[in-house]
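In this text, all values refer to a predicted model and were calculated from it rather than measured experimentally. Throughout, residue positions are numbered sequentially from 1 according to the sequence presented.
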Amino acid sequence: MEKKIKEKCINKATKLYKDIREKMKLYNSKLEIFENLGYNYIPTPFEIADAYNIRYQFIVLDGEMPSYCNKEQRTIYISKKYRKESYQAKFLCAHELGHFFMQKNKETAAMNNDILNRFLPMEIQKEYEANVFALMVMPQFMSGKPWEYYSPQKLNNDIYNKVFFR
């Protein structure tokens, strides 16, 4: 069962990312220029958010919550302790975009390692979907590791540790 869920999620994220890249060509002329020159321009998560009119704000967040999104407000909130240029902020933005694009529900989602995200099957699934999407946006993040074969819990845990304990 887990294999089908993983496969469906990876296929959905791949298709979504291809669609986003096509839209980005219209929004950002750099993408098409680079591709015409034979280079693969990878838009940043912040450029993708801008293209889809999704706001992002750096705010003070309580506890261990580094980021969350509010789909109704079309806003991603990232802890002020991360600079926009930082690798962590870019990955957090990509992860929250995953919640926007991969999940239909309107509820707020947060990237953290609380007990819900580690043990509840629905929470594990949501975080896995957001992480898979983030890896489409930032493929270099897993440094060539075969993450497609990881269980959802292992991928979620590895990403969490890599973002916060590099």
Inset, instruction - For S86 and Y82, indicate whether the former's side chain and the latter's backbone hold a donor-acceptor pair under 3.5 Å. - result: no
Inset, instruction - Compare every heavy atom of C69 with every heavy atom of F100, then report the nearest pair and how far apart it is. - result: CE1-CB, 3.5 Å
Inset, instruction - Run through V132, D158, N131 and flag the one making a side-chain contact (heavy atoms from CB on, under 4.5 Å) with W147. - result: V132
Legend entry - Inter-residue atom distance C93.SG - Q88.CD, 0.5 Å rounding: 13.5 Å
Legend entry - Side-chain touch I159/F141, heavy atoms, less than 4.5 angstrom: yes
Inset, instruction - Verify the distance criterion only: is there a donor paired with an acceptor across the side chains of E129 and H99 at less than 3.5 Å? - result: no
Inset, instruction - Enter the distance from L135:CG to I10:CD1 here, rounded to the nearest 0.5 Å. - result: 9.5 Å
Legend entry - Minimum side-chain heavy-atom gap K6-S151 below 4.5 Å: no
N/O donor to acceptor pairs below 3.5 angstrom from side-chain atoms of residues 48-58, sequence neighbours left out:
from : atom 1 : to  : atom 2 : distance (Å)
D50  : OD1    : Y56 : OH     : 3.3
D50  : OD2    : Y56 : OH     : 3.4
R55  : NE     : T75 : OG1    : 3.4
R55  : NH2    : Q73 : O      : 2.5
R55  : NH2    : T75 : OG1    : 2.9
Y56  : OH     : K84 : NZ     : 3.1

Inset, instruction - Please identify each residue that fulfils salt bridge (charged side-chain N to carboxylate O under 4.0 Å, His left out) with R83, with sequence neighbours left out. - result: E85
Inset, instruction - Report the distance from atom NZ of K162 to atom NZ of K145, rounding to the nearest 0.5 Å. - result: 5.5 Å
Inset, instruction - Report yes or no: is the cationic atom of K154 (NZ for Lys, CZ for Arg) under 6.0 Å from the centre of the six-membered ring of Y150, at an angle within 45° of the ring normal? - result: yes
Legend entry - Qualifying residues under salt bridge (charged side-chain N to carboxylate O under 4.0 Å, His left out), relative to K15, sequence neighbours excluded: D19
Inset, instruction - Enter the distance from T14:OG1 to M136:CE here, rounded to the nearest 0.5 Å. - result: 3.5 Å
Legend entry - Between OH on residue Y87 and CG on residue L92, distance to nearest 0.5 Å: 11.5 Å
Inset, instruction - Answer yes or no: are there more than 12 heavy-atom neighbours, outside K81 itself, under 6.0 Å from its atom NZ? - result: no
Inset, instruction - Please tell me if the side chains of S79 and M65 come closer than 4.5 Å, counting only heavy atoms from C-beta onward. - result: no
Legend entry - Minimum heavy-atom distance between A89 and I78, given as atom pair plus value: O-CD1, 3.9 Å
Inset, instruction - Heavy atoms only: give me the nearest I59-Y68 pair and the separation to one decimal. - result: CD1-OH, 4.3 Å
Inset, instruction - Measure the OH-CE distance between Y128 and M102 for me, rounded to the nearest 0.5 Å. - result: 9.0 Å
